[in-house]
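Everything numeric in this text was worked out from a predicted model, so none of it was measured. Proteins get letters first, then strands, A, B, ... in listed order; numbering begins at 1 in each.
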2 protein chains.
Amino acid sequence: MDLPVLTPGQFDLIYNGFSLAIAAMGAGFLYFILSRGQVAPAYRTALTVSALVVAIAFYHYLRIFESWAAAYVLEGGAYVSTGKPFNDAYRYVDWLLTVPLLLVEAVLVLRLKQGAGGMIARLSIAAILMIVTGYPGEVSSDTATRLIWGTISTIPFLYILYVLWVELGKSLATQPAKVRVLVRNLRLLLLASWGVYPIAYLAPVLGFDGAGAVVALQTGYTLADVIAKPLFGAMIVWIAIEKSRADGWSPNAAAVPASTSKA
Amino acid sequence: MDLPVLTPGQFDLIYNGFSLAIAAMGAGFLYFILSRGQVAPAYRTALTVSALVVAIAFYHYLRIFESWAAAYVLEGGAYVSTGKPFNDAYRYVDWLLTVPLLLVEAVLVLRLKQGAGGMIARLSIAAILMIVTGYPGEVSSDTATRLIWGTISTIPFLYILYVLWVELGKSLATQPAKVRVLVRNLRLLLLASWGVYPIAYLAPVLGFDGAGAVVALQTGYTLADVIAKPLFGAMIVWIAIEKSRADGWSPNAAAVPASTSKA
């Protein structure tokens, strides 16, 4: 993508958004690691996968932040390109690794037993197709190219959303009451975060000018990533805690050897 | 190896491949460390060795990434050599340490009791021979030299693959049903990843031009490393989880000392 001249306000908004994402991913990582003892062993892999997702995103936001800082220089009160390209691909490499893991996370915490492996495989393939077909449009400065690849990418996108929505919905019936509310919110959070990606992607063709498009695109993706990764992962933790409780597991019992009870 | 002029697309593909490998190795490390509680103590050393492999590779890919970024500069729309050499040796040092460990990993998780020590020793010696004899061909720009050393290196390569294939095959009969499927997939993954190395090695003599050869070689090695290390390690974890279960071990029971049951 070409790098338009930005006002300090525009440059800083994107820059500070990247920094916020680094902090949010790092904090998410610590939360998921430190919460392991609060959930039954059966749910720990879901927390592990949540931790992997934000760790991978933490790494990529560090790189994105550095790439952004190197791509612009303040000259005469405005930010202009240094000639160094901003590497858009970090986001796509990140999604290539994290989107399949996010799907695994959701499937694991709900313990969808029947056909979970097959569903993860189908969703992962769709995720890879979605990301790989989105990329050529992302890096093109041609509107038609962006629209064509964007449209192709939307097909696996809608497939994933549909399957997750229906499967999460189906699982609602079998969950304890407290968990049901959380799963319902998880579903809404999924829709809210995933809904932002296509809007951000379309910013450059939605009538924004060069600078406005870059701001809408970068802050949109960053916002969506913060919702879809650390916030989504936190909901996975809360679901896992409630489900552990519903299964009759308690963090106290695990910490205190039973031999201490009136033997 | 000489550094040919690359298009931005070619340079970026290699660059982003290295970055993906850093993220994949780091995520693999966290996964192997965090999964220890999910497997019986007998399988934890296999997970430890998997973690060592990706930790070593994580370090080397950081170095490779830096070396690559320093070797090229964008000039007039194309990437040209800065005069700084790209250090191919990082890969060979990495393999020298990680390939014997990968073999240990596979042997440990299958708990091949009879002659495991001798087999690891023989495979490790073959691995070192394979890597040491491959290197002179790798750094030579002479086709004949590359082919001669490549051929010599293929002898221990085929020996290792043969031994692993046969031994993994033999162990199939003694594994529980669920484990059998995983071991079969592990064997295929081994063949898929190891099969890519010689193809990448031969890229410069397979009629690719300078730039094409560098792209095929670097992305080929990176892809093979991502399959052979974090993905292979993940399959080791899944095998260890299934075998722990088959041995009657449960992560729940592990939290409660056995002495505690109604004494």
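- Of the listed residues (A:Asp94, A:Leu101, A:Val93), the one with the most heavy-atom contacts under 4.5 Å to chain B is A:Val93.
- Close approach to chain B, defined as a heavy atom under 4.5 Å from one of its heavy atoms, is seen in A:Tyr59, A:His60, A:Arg63 of residues 57-74 of chain A, taken by number.
- Contacts between residues 228-244 of chain A and chain B, defined by a heavy-atom separation under 4.5 Å, are made by no residue at all.
- Interface residue A:Asn87: only side-chain heavy atoms are found under 4.5 Å from chain B.
- Listed by chain and number, the residues in a side chain to side chain contact (heavy atoms under 4.5 Å, CB included) with A:Pro136 are A:Trp149 (sequence neighbours excluded).
- Within 6.0 Å of OH on A:Tyr15 lie no more than 12 heavy atoms contributed by other residues, nucleotides or ligands.
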Identify every side-chain donor-acceptor pair in residues 32-39 of chain B under 3.5 Å, counting partners at least two apart or on other chains, and give the distances.
residue: B:Ser35; atom: OG; partner: B:Tyr31; partner atom: O; Å: 2.7
residue: B:Arg36; atom: NH1; partner: B:Thr48; partner atom: OG1; Å: 2.7
residue: B:Gln38; atom: NE2; partner: A:Pro41; partner atom: O; Å: 3.4

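- At least one side-chain heavy atom of A:Phe29 sits less than 4.5 Å from a side-chain heavy atom of B:Leu30.
- Atom CD1 of B:Ile22 is separated from atom CD1 of A:Ile56 by 13.0 Å, given to the nearest 0.5 angstrom.
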